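Values reported hereafter were calculated over all heavy atoms of this structure, with side chains retained and with hydrogens, waters and symmetry mates removed. Remember, it's a predicted structure, so these values are computed and weren't measured experimentally.
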Amino acid sequence: MGMKVVGPNGVSTPTSTRATRSTSGFSLGQTGAAAAPSAATASAAAGGVSDVSALMALQGIEGPLERRRRAIRRGGGLLDRLDELKLALLSGDADEASLDRLARSLREERADDGDPGLNAVLDQIDLRASVELAKAEMRRPRG
């Protein structure tokens with residue numbers, strides 16, 4: 001009985017201990033540990049490069065959805081400037097700052113997303129802003 005239990009355990013324990021020591025020896029352990037971070041770093045670097053490439057592509061080639069957003073944002077900005085001007089006129093101020101902001105917004109390049117309905121609305125906003133700037137120019141005292 002002692003031979004059955006102790007014998008196989010005695011033989012297997014030193015063998016497994018030796019096997020563990022040889023596979024997890026310093027040289028193998030360090031090589032494995034060094035390889036994993038370098039592989040992860042290489043993978044992260046490759047991911048970073050592809051992220052930058054994608055970002056550069058997005059900046060260089062603007063899609064229709066982004067052009068539409070930009071056009072709508074510009075139109076909304078013009079409407080905001082027109083509201084500022086209206087409030088300034090109602091309060092009796094000849095607000096030069098509002099006029100300057102309206103003129104600057106009107107000069108911003110307008111993206112064309114190819115949507116005729118949106119372009120028609122934006123044309124009306126541009127026309128209204130131009131008319132208000134012309135009226136303001138006529139109100140200015142000449143000297």
Working note: Leu122 + Arg74, criterion side-chain contact (heavy atoms from CB on, under 4.5 Å); need CA distance, chi angles, decisive distance, verdict.
CA-CA 9 Å; Leu122 295 175; Arg74 179 185 175 275; 5.7 Å; no

Please round to the nearest 0.5 Å and tell me the distance separating atom CZ of Arg101 and atom CG of Asp80.
11.0 Å

Under a 4.0 Å threshold between the charged nitrogen and the carboxylate oxygen, would Arg73 count as salt-bridged to Glu66?
yes

Looking at every heavy atom in both Leu133 and Leu99, which two are closest together, and how far apart are they?
CD2-O, 3.7 Å

Answer yes when Glu108 and Arg104 have at least one side-chain N-carboxylate O distance shorter than 4.0 Å, and no when they do not.
no

Who passes side-chain hydrogen bond (donor to acceptor under 3.5 Å, both in side chains) against Glu137, sequence neighbours left out?
Arg140

Restricting to non-hydrogen atoms, name the atom on Ser98 and the atom on Ala88 that form the minimum distance, rounded to 0.1 Å.
OG-CB, 4.5 Å

When clusters are formed from ILVMFWY side-chain contacts under 4.5 Å, directly or step by step, what else is grouped with Leu127?
Val131

Nearest 0.5 Å please: distance from the OG atom of Ser105 over to the CD atom of Glu84.
8.5 Å

Of all heavy-atom pairs between Arg110 and Asn119, which one has the smallest distance, and what is that distance?
NH2-O, 3.4 Å

Enter the distance from Leu89:CG to Glu132:CD here, rounded to the nearest 0.5 Å.
7.0 Å

With rounding to the nearest 0.5 angstrom, report the CG to CG distance, Leu102 to Leu82.
5.0 Å

By salt bridge (Lys or Arg N to Asp or Glu O under 4.0 Å), which residues pair with Arg68, not counting sequence neighbours?
Asp113, Asp115

Could you tell me whether Arg81 and Asp100 make a salt bridge, using a distance below 4.0 angstrom between a side-chain N and a carboxylate O?
no

Taking all non-hydrogen atoms of both residues into account, name the closest pair between Leu78 and Ile125 and its distance.
CB-CG2, 3.6 Å

